[in-house]
Amino acid sequence: MTDTRFDPSVADGRWQRAWAEAGTFTADSDSAKPKSYILEMFPYPSGRIHMGHVRNYTMGDVLARYQKMRGFEVLHPMGWDAFGMPAENAAMEKGVHPGGWTRQNIAQMKAQLQRIGFALDWTREFATCDPEYYGHEQALFLDLYEAGLVYRKESTVNWDPVDMTVLANEQVIDGKGWRSGAEVEKRKLNQWFLKITDFADDLLEGLDSLEDWPEKVRLMQENWIGKSSGLEFSFDLSDGGKLAVYSTRPDTIFGASFCAIAADHPIAQALASDPEVAAFIDQCKKGAATAAALETAEKLGYRTPITAKHPFTGAALPVFIANFVLMEYGTGAVMGVPGHDQRDFEFATKYGLPIARVVASDPAKADEPFKGEAEAGDGIIVNSDFLNGMSVEDAKHAVITRAEEGGWGEGRTVWRLRDWGVSRQRYWGTPIPFIHCDTCGVVPVPKEQLPVTLPEDVSFDIPGNPLERHPTWKHVDCPKCGKAARRETDTLDTFVDSSWYFLRFASQPADRPFDPEEVAKWMPVQHYIGGIEHAILHLLYARFWTRALAHTGKIAVQEPFAALFTQGMVTHETYSRIDEARGVPVFFGPEEVDRTSEGALLLADGAPVEVGRVIKMSKSKKNVVDPDAIIARHGADAVRWFMLSDSPPERDLPWSDAGIEGCARFVQRLWRLFSAHDAGATGEDKALDRKTHQTIAAVASDIEALGFNKAVARIYELTGATEKAAPSASRSAAIRALVHLAAPMMPHLAEEAWTNMGGTGLIADAPWPEIDPALLVDDEVTIAIQHMGKLRDTVTAPKGSSKEDLEALALASANLQRSVDGAAIRKVIVVPDRLVNIVT
RNA sequence: GCGGGCGUGGCGGAAUGGUAGACGCCGGGGACUUAAAAUCCCCUGAGCUUUGCUCGUGCGGGUUCGAGUCCCGCCGCCCGUACCA
């Protein structure tokens, strides 16, 4: 070995080519080995790989390489979530075709990923905008249609009257179109929906089986699905009509003092001929949209002339139109029980309505006044006729039973989850494979005619959906009757594309979306890694899609992802100055400043800039570091190592130049140690042998628990110990072990060192080092000697020493005796192999 | 508001109720060098009357022989969010 420095600019490419040529990471479905499917959320091809991608894929890569070393046949694929609005935006801004723009981005990002040396099976790569892929998606969509899980209904969209286009919610800013600035209108369109609500109960119950998902994500999904049970019943109204309300607290029905309906409730609409009512309804609709704003918004109500007759007491309750009642949930109307619901309490206080107590902590406290807020908690029912003395739970059942017997209401489960609207009035997406015929109605495109491909000759220089105004594309003959008909011009939500891509990675026949037997070999995904931002929608849709396919008999697995890991963001401090003229901060990029230990100076003028908080890398704050530049400078292994070091993977990782330089130094340090490998060295170093085997075991369990930062620390420790050790067979073995431990994390360095020390084949194919259980335990341990729980001394003792021996050792300590100072010993606590605590 | 998470040196962070601060970064000192880079060695929570002692894991209590860890009550920050009847 001649080079004293590891040169990543040569080695990285050499090994990346070697892996590619050998097909090292090509997954073999027919392998007899146990299978392991490692998947990271596939990227949107925005143009450049960013540090967040690097972190995400490095974690998956370490797992994939480690699992391979542990004898698994590993599937670790990569592809592109390639449909979506940014491509259309680029088309409008730069006059390029969305497809060309996307393909170019993919080529660029793929090259970037390859320079990082990820152990990916590129033979399975695809983009969701490939007609082969979306054609199969259309076939699956038709299958779901046949299974009754697809339907059409009218639904409201945001319409930009200037751009003549439908806007996504995020494109509506302060009620105006983001591009045109025009006031956004609401329009009703016939749209396609997926019946995710059919699976609400399944999706909820399935969460219990996902033990290796973060509790937080499971809870978010549970809340999103939002199951509640209660009573739906009708009030008789003074105008002769009926008002259906839903309540989760029928036990408090005797405390009802008013009813409230949503502004767009039919009864409210019917009263809107009164200008005062119309004005109030308008006011409600203008209200804030976000939860944070709504929470501080004042409760507003309009008292209608109508009253509702209480089903038990016969009392006439006033009916209000109120801004806090939502038409979308339940029946769009509620009974107001001010004593036991905070919103009702605030409303009743404002409008001077009675606040009655019907739940108390104790029957004796039935008349206790409220302390300025509602009491929503548990208790005993009071002031409630036949319910008095019951628990909340019993009273609920009693009221529901009475309602059902009396025929004026029934117990009902209500879900927050709504059906999934998948129609998008856009070009760059999967065409929905249906044809509209004046005679036959909505007709599915026959499967043999799939894929329905997007036309290439489209332009984005005039507003509207290019598919809608294309001269020929939508004009087709009806597959049923043969008469002239029109293609559906809506495309599918891109969340559909990402709801089954993991199945296509596992199996990709040409004639079908996937082969069930091949899929069964790999699914479920063993480790799914990605950002927390997908905790609800993507993960819920993928779970739904998988269940829907299982429901239609296409696959056996119900849950697609056995274990989920949500990684933290890559962050960086910001550099800014206040622009005196405008009073707003101006940000500078890391490359524009000189960061010293005290502060930061702007290179342009040498004057200081403000060093701000460490926050997520974003273009607007200019705190972005480009992975390519770092890899060119320090090599792939240093970047990979940085991504794994220090911060626990679920937390944010602050990027720093000092940090990456430290990693690059460690790469060289390991290289020097590896270069000192002497296959012919003799002699035993028992202590080092122990350290080596303990480290192998610890790194393995750390990687399995995704505790990469801890695995990194272990490798540092063994490196230090090996460097200090004198040459011996043990030391050479330690070096060989270190090469293996480093292999999943710094694969290029490991391959280079492995070859240089005469190793056979690729280390990527090598097995994980065996451990000798006998070497995992130390024969000597350090015992802490405490007096009253305070450390006074430490001594070494043979492992497994008896309590008596340890106690004697402790009492022999001069430090301990000085602390005890002759006091009578009341108690001695001995924790074997750990400590002795003397209590006086 | 609600739900979840977090709070440990200058910084990122370790620590099955059992020696707080592993490991890394920053910083300081030294060696090598004509010099620099690189590398190596040592020091690095605070304080003190320095064989050692006291204090120290957001704040205040509690349980325990022993609490960063468990319990109760606060404070602060972060993430998510749906006024869901």
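Residue numbers begin at 1 in each chain, while the letters A, B, ... track the order of the sequences.
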Could you give the distance separating [M] and [N] at their [atom1] atoms, to the nearest angstrom?
{"N": "B:U50", "M": "B:C55", "atom1": "C1'", "answer": "15 Å"}
{"N": "B:U51", "M": "B:G5", "atom1": "C1'", "answer": "47 Å"}
{"N": "B:U64", "M": "B:G18", "atom1": "C1'", "answer": "12 Å"}
{"N": "B:C40", "M": "B:C53", "atom1": "C1'", "answer": "35 Å"}
{"N": "B:A67", "M": "B:A20", "atom1": "P", "answer": "10 Å"}
{"N": "B:C42", "M": "B:C25", "atom1": "P", "answer": "15 Å"}
{"N": "B:C26", "M": "B:C65", "atom1": "C1'", "answer": "40 Å"}
{"N": "B:A22", "M": "B:C43", "atom1": "P", "answer": "12 Å"}

From C-beta outward on [X], which listed nucleotide comes closest to its side chain: [options]?
{"X": "A:Leu326", "options": "B:C83, B:G52, B:U19", "result": "B:C83"}
{"X": "A:Arg665", "options": "B:C23, B:A14, B:U39", "result": "B:U39"}
{"X": "A:Tyr329", "options": "B:G13, B:C84, B:U51", "result": "B:C84"}
{"X": "A:Arg343", "options": "B:C84, B:A20, B:G24", "result": "B:C84"}
{"X": "A:Arg818", "options": "B:C65, B:G52, B:C26", "result": "B:G52"}
{"X": "A:Arg416", "options": "B:U39, B:C55, B:A82", "result": "B:A82"}
{"X": "A:Met220", "options": "B:U19, B:G80, B:C83", "result": "B:G80"}
{"X": "A:Asn323", "options": "B:C83, B:U19, B:G4", "result": "B:C83"}
{"X": "A:Tyr716", "options": "B:G18, B:A82, B:C23", "result": "B:C23"}
{"X": "A:Pro654", "options": "B:G4, B:G12, B:U19", "result": "B:G12"}

Can you confirm if the aromatic rings of [Y] and [X] lie within a centre distance of less than 6.0 Å?
{"X": "A:Phe6", "Y": "A:Phe674", "result": "no"}
{"X": "A:Phe347", "Y": "A:Phe258", "result": "yes"}
{"X": "A:Phe235", "Y": "A:Trp408", "result": "no"}

Within the pair [X] and [N], is there a side-chain N or O less than 4.0 Å away from OP1 or OP2?
{"X": "A:Arg792", "N": "B:G66", "value": "no"}
{"X": "A:Lys790", "N": "B:C55", "value": "yes"}
{"X": "A:Arg651", "N": "B:C79", "value": "no"}
{"X": "A:Arg218", "N": "B:G4", "value": "no"}
{"X": "A:Asn815", "N": "B:G52", "value": "yes"}
{"X": "A:Asn709", "N": "B:A14", "value": "yes"}
{"X": "A:Lys710", "N": "B:A15", "value": "yes"}

Give the rounded distance in Å between these two atoms: [atom1] of [X] and [atom2] of [N].
{"X": "A:Glu222", "N": "B:U81", "atom1": "CD", "atom2": "P", "answer": "17 Å"}
{"X": "A:Asp702", "N": "B:U16", "atom1": "CG", "atom2": "C1'", "answer": "14 Å"}
{"X": "A:Glu215", "N": "B:C6", "atom1": "CD", "atom2": "P", "answer": "12 Å"}
{"X": "A:Phe708", "N": "B:G12", "atom1": "CZ", "atom2": "P", "answer": "22 Å"}
{"X": "A:His534", "N": "B:G80", "atom1": "NE2", "atom2": "C1'", "answer": "15 Å"}
{"X": "A:Arg669", "N": "B:C23", "atom1": "CZ", "atom2": "P", "answer": "11 Å"}
{"X": "A:Trp671", "N": "B:U39", "atom1": "CH2", "atom2": "C1'", "answer": "17 Å"}
{"X": "A:Asp657", "N": "B:C26", "atom1": "CG", "atom2": "P", "answer": "11 Å"}

May I ask you to test the [X]-[Y] pair for a side-chain heavy-atom distance under 4.5 Å?
{"X": "A:Thr719", "Y": "A:Leu670", "result": "yes"}
{"X": "A:His340", "Y": "A:Phe370", "result": "yes"}
{"X": "A:Gln817", "Y": "A:Leu811", "result": "yes"}

Any base atoms under 4.0 Å from [X], or only sugar-phosphate, or nothing? Heavy atoms, all strands.
{"X": "A:Leu219", "answer": "sugar-phosphate"}
{"X": "A:Asp341", "answer": "nothing"}
{"X": "A:Gln342", "answer": "nothing"}
{"X": "A:Ser645", "answer": "nothing"}
{"X": "A:Val325", "answer": "base"}
{"X": "A:Ser656", "answer": "nothing"}
{"X": "A:Val839", "answer": "sugar-phosphate"}
{"X": "A:Arg714", "answer": "nothing"}

Original post:
Salt bridge or not for A:Arg218 and A:Asp208, using N-O below 4.0 Å?
Top reply: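 Result for this pair is no, no salt bridge flagged.
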**OP:** State plainly whether the residues A:Lys691 and A:Glu717 are in salt-bridge range, i.e. N to O under 4.0 Å.
**Re:** yes
**OP:** Specify the residue among A:Leu653 and A:Arg834 whose closest nucleotide of RNA chain B lies further upstream toward the 5′ end.
**Re:** A:Leu653
**OP:** For A:Asp646 and for A:Leu791, locate the closest nucleotide of RNA chain B by heavy-atom distance; then report the residue assigned to the nucleotide nearer the 5' terminus.
**Re:**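 First, find each residue's nearest nucleotide; the 5'-ward one identifies A:Asp646.
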Original post:
Is B:G30 syn or is it anti, if syn means the base angle is within 90 degrees of 0?
Top reply: anti
Original post:
Taking a pair as Watson-Crick (N1 to N3 plus N6-O4 or O6-N4) or G-U wobble (N1-O2 and O6-N3), both under 3.5 Å, which stems of 3 or more consecutive pairs involve RNA chain B?
Top reply: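 Detected stem regions: B:1-7 with B:75-81, B:10-12 with B:23-25, B:27-31 with B:39-43, B:45-48 with B:52-55, B:58-62 with B:70-74.
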[X] vs [Y] aromatic rings, parallel, tilted or perpendicular, using cut-offs 30° and 60°?
{"X": "A:Trp641", "Y": "A:Phe666", "value": "parallel"}
{"X": "A:Phe320", "Y": "A:Tyr351", "value": "tilted"}
{"X": "A:His310", "Y": "A:Phe312", "value": "tilted"}

**OP:** Scan side-chain atoms only and decide if A:Thr840 and A:Arg826 contain a donor-acceptor pair under the 3.5 Å cut-off.
**Re:**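 No.
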